[in-house]
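Throughout, protein chains are lettered first and strands after them, A, B, ... in sequence-line order, and every chain is numbered starting at 1.
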Amino acid sequence: MIDLDLVRKEPAKVEENLARRKNPVYVRLLAEVREKDAEWRTCLQQADEVRRRRNDLSRRIAEARTKATPSEELESEAKKLPDTLRAIESQESELLHARDALLRRLPNLMDDSVPFGTDDSQNVVVSTWGEPLHGGAALKSHGEVLEGLGMAEFDRARRVSGAGFYYLRGAVVLLDLALQRFALDLLAGRGFTPVAPPYVLRRAPYEGVTDLADFENVMYKLEAEDLYLIATSEHPLAALYLGEILDEDALPIRLAGVSPCFRKEIGGHGVDQKGIFRVHQFQKVEQFVFCRPEDSATILEELRANAEEVFRQLGVPYRVVNVCTGDLGSVAAKKYDVEAWFPRQQAFREVVSCSNCTDYQARRLGIRLGKAGRPGKLVPHTLNSTAVATSRGLAVILEQYQQPDGSVTIPEVLRPYLGGLRALVRSGASL
RNA sequence: GCUGAGGUAGCCUAGUCCGGUAAGGCGCCAGCCUUGAAAGCUGGUGGCGAUUCCGCCACGGGAGUUCAAAUCUCCCCCUCAGCGCCA
């Protein structure tokens with residue numbers, strides 16, 4: 001949620017920023033917010049005036065009663081007030097709710113460095129690392145590699161859970177865990193505290209962290225419960241300090257979330273669809289930071305560097321893009337995607353999303369900055385970035401490290417987590 | 001799931017039976033005192049709207065009764081404890 005104060009004091013600045021999204025809806029929304037706000041303030045003053053009169057009469061009636069002097073006149077006037085007040089108050093609260101609902105629909109203000117563009121094809125490459133392999137059709141897709149190893153069940157999973165779910169089996173399960181542990185250790189070495197969050201959230205905190213449309217498109221809801229399966233540990237981590245005052249001196253707070261992630265909407269285009277690249281459920285190690293407003297730009301670069309380091313150590317070539325206005329989404333003020341090179345697909349595909357959400361999430365969550373237990377008016381900034389999502393992390397490793405004999409070499413940094421295992425090979429046992 | 005106890009400001013607590021301007025403590029800020037600090041003393045310390053004085057709101061949320069609700073009535077949410085069930 002954008003700061004209402006800013007909307008009032010610098011509407012031109014806000015409008016200019018929203019206009020960069022090239023969606024006239026937002027500029028119109030802003031105008032409506034300002035209109036409702038002005039109406040609300042007028043109405044509030046009227047309501048205050050009636051309430052002041054009521055309180056005044058009320059006080060004088062009480063006084064008259066204790067002195068046993070007549071108060072009929074006062075009371076007859078007072079009796080008329082509740083009806084008047086009810087009407088004004090209901091209008092006032094209607095205006096207030098309308099204003100706030102509109103305000104919540106406004107997306108975050110974008111950082112000046114976000115490039116113009118209509119969709120992800122216009123994201124701007126800001127760096128590349130490694131030498132892309134040119135295997136192409138000579139290679140198997142990661143799904144075929146897994147099936148060849150006897151380490152995945154896609155058809156049977158569809159039968160019991162539907163498309164987009166999978167069974168993993170054998171050493172690849174350990175590889176999944178190894179990836180998580182590797183990323184977690186890397187982050188722990190850089191000041192992050194591991195956090196295992198709840199895998200479900202109530203609606204109210206969830207509304208603080210994500211776009212409203214996500215409730216329709218992304219999140220699974222538990223039937224008959226006010227609970228949603230998390231789409232990423234970013235969400236419970238952001239909500240961790242719901243309604244609290246964070247001590248400025250304790251910032252930045254660096255957290256490393258580890259959790260499964262559940263997503264209803266997963267798309268389904270492109271080559272090599274069978275596999276674990278687009279799935280309803282996967283594991284992820286996530287970086288999350290609460291910081292002072294003035295530090296978030298620097299910390300975004302820190303998170304990006306950490307995410308890059310994960311893929312460098314895995315030996316996976318990648319590029320980083322600065323996500324353009326049309327592809328940014330409503331919560332982030334600036335976002336980098338790290339795109340790993342998939343040699344079978346001959347394409348860079350997103351494996352990391354790294355965002356500075358500035359004060360947008362924190363304000364919606366009612367989190368404030370303070371010092372020594374004293375609440376302040378400032379709101380902290382929040383940032384999040386994938387360290388590794390094991391579905392896509394596994395997928396790129398399987399594609400890149402596959403061998404002609406069907407085995408998969410294990411990246412060296414992961415071997416210590418696998419008892420020194422050097423490769424995934426087909427075991428004698430069948431499913 | 002059942003029963004009970006609770007939800008009051010940044011935190012802790014009183015007030016609720018019996019309706020009449022929300023009391024106190026901690027923490028924090030300022031001043032006094034001091035070489036400096038601590039202690040002590042004094043004052044201040046929520047949100048919103050006006051900003052000249054000020055006014056309104058705020059006791060988990062909502063509705064109702066009343067001139068007037070933290071307080072009375074109804075509905076709902078949440079937390080804790082005990083019991084039950086259980087990996």
Side-chain angles (χ1 to χ4, degrees), chain A residues 1-9 11 33-104 196 198-208 221-228 236 239-251 253 260 290 292 359 362-380:
Chain A
M1 179 163 58
I2 297 181
D3 186 4
L4 180 62
D5 231 34
L6 192 67
V7 169
R8 284 176 178 166
K9 287 176 181 155
V33 168
R34 296 184 61 206
E35 197 179 307
K36 290 289 177 201
D37 186 46
E39 285 177 38
W40 170 74
R41 280 189 285 180
T42 308
C43 192
L44 180 69
Q45 282 170 40
Q46 289 170 11
D48 277 357
E49 195 49 44
V50 178
R51 280 189 289 236
R52 190 176 72 81
R53 183 66 186 155
R54 180 197 62 187
N55 292 347
D56 182 48
L57 287 170
S58 200
R59 223 168 285 150
R60 282 158 62 187
I61 289 167
E63 206 174 308
R65 293 223 177 147
T66 55
K67 288 179 183 163
T69 54
S71 60
E72 289 80 12
E73 214 173 301
L74 297 171
E75 286 182 44
S76 75
E77 189 191 344
K79 277 185 207 294
K80 292 174 193 150
L81 289 180
D83 283 338
T84 320
L85 188 59
R86 224 187 305 274
I88 298 176
E89 276 183 337
S90 79
Q91 193 193 353
E92 185 236 309
S93 96
E94 208 170 289
L95 285 166
L96 182 69
H97 286 119
R99 182 198 73 186
D100 287 346
L102 290 165
L103 186 63
R104 290 176 82 87
Y199 301 159
V200 291
L201 288 180
R202 289 182 181 147
R203 173 113 190 179
Y206 224 138
E207 283 186 353
K221 184 180 192 302
L222 299 198
E223 189 170 2
E225 302 278 345
D226 176 27
L227 289 173
Y228 295 82
L240 175 61
Y241 298 115
L242 179 72
E244 292 192 38
I245 286 115
L246 299 184
D247 191 333
E248 283 177 40
D249 297 331
L251 300 179
I253 297 171
F290 294 92
R292 302 181 195 214
D359 59 4
R363 180 169 295 107
R364 286 166 90 122
L365 290 163
I367 303 171
R368 286 171 291 168
L369 279 177
K371 208 160 192 174
R374 186 167 43 97
K377 296 199 84 173
L378 279 178
V379 171

With respect to the phosphate group of [N], does any side-chain polar atom (N or O) of [X] fall under 4.0 Å of OP1 or OP2?
| X | N | result |
| --- | --- | --- |
| Arg54(A) | G20(B) | no |
| Arg41(A) | A50(B) | yes |
| Asn55(A) | C56(B) | yes |
| Arg51(A) | G49(B) | no |

If you measure from the [atom1] atom in [N] to the same atom in [M], how many Å do you get, rounded?
| N | M | atom1 | result |
| --- | --- | --- | --- |
| A39(B) | C78(B) | P | 43 Å |
| C12(B) | A87(B) | C1' | 37 Å |
| A38(B) | C32(B) | P | 14 Å |
| C57(B) | G62(B) | P | 14 Å |
| U65(B) | G1(B) | P | 33 Å |
| C59(B) | U8(B) | P | 11 Å |
| C26(B) | A68(B) | C1' | 34 Å |
| C29(B) | A37(B) | P | 13 Å |

Atom-pair distance ([atom1] on [X]; [atom2] on [N]), nearest Å:
| X | N | atom1 | atom2 | answer |
| --- | --- | --- | --- | --- |
| Leu96(A) | G47(B) | CG | C1' | 12 Å |
| Asp226(A) | U79(B) | CG | P | 11 Å |
| Glu49(A) | C56(B) | CD | P | 9 Å |
| Leu85(A) | C56(B) | CG | C1' | 11 Å |
| Arg202(A) | G60(B) | CZ | C1' | 12 Å |
| Glu92(A) | G55(B) | CD | C1' | 14 Å |
| Arg53(A) | C54(B) | CZ | C1' | 17 Å |
| Asp37(A) | G49(B) | CG | P | 8 Å |

Nucleotide opposite [N] in a Watson-Crick or G-U pair, distances under 3.5 Å:
| N | answer |
| --- | --- |
| G19(B) | none |
| U51(B) | none |
| U65(B) | none |
| A38(B) | none |
| U71(B) | none |
| A58(B) | none |
| C83(B) | G1(B) |
| G10(B) | C26(B) |

Residues Glu39(A), Arg99(A); criterion salt bridge (charged side-chain N to carboxylate O under 4.0 Å, His left out); working and verdict: CA-CA 10 Å; Glu39(A) 285 177 38; Arg99(A) 182 198 73 186; over 6 Å; no

Listed nucleotide nearest any side-chain atom of [X], set [options]:
| X | options | answer |
| --- | --- | --- |
| Arg52(A) | G55(B), C67(B), G49(B) | G55(B) |
| Ile245(A) | C48(B), C56(B), G10(B) | G10(B) |
| Ser58(A) | G64(B), G49(B), G20(B) | G20(B) |

Side-chain donor/acceptor of Arg363(A) to backbone N/O of Met1(A), under 3.5 Å: yes

N/O donor-acceptor pair under 3.5 Å between Asp226(A) side chain and Arg203(A) backbone: yes

Minimum side-chain heavy-atom gap Glu248(A)-Leu378(A) below 4.5 Å: no

CD-CG distance between Glu49(A) and Leu44(A), expressed to the nearest 0.5 angstrom: 11.5 Å

Interatomic spacing from CG in Leu95(A) to CD in Glu92(A) - rounded to 0.5 Å: 8.0 Å

Arg41(A), CZ atom: more than 12 neighbouring heavy atoms under 6.0 Å: yes

Salt bridge Arg52(A)-Asp48(A), side-chain N to carboxylate O under 4.0 Å: no

Of Trp40(A) and Ala47(A), the one whose closest RNA chain B nucleotide lies more 5': Trp40(A)

Given RNA chain B, 5'-ward residue of the pair Leu4(A) and Glu89(A), judged by closest heavy atom: Leu4(A)

Sugar-phosphate, base or nothing in reach of Leu57(A), heavy atoms under 4.0 Å: nothing

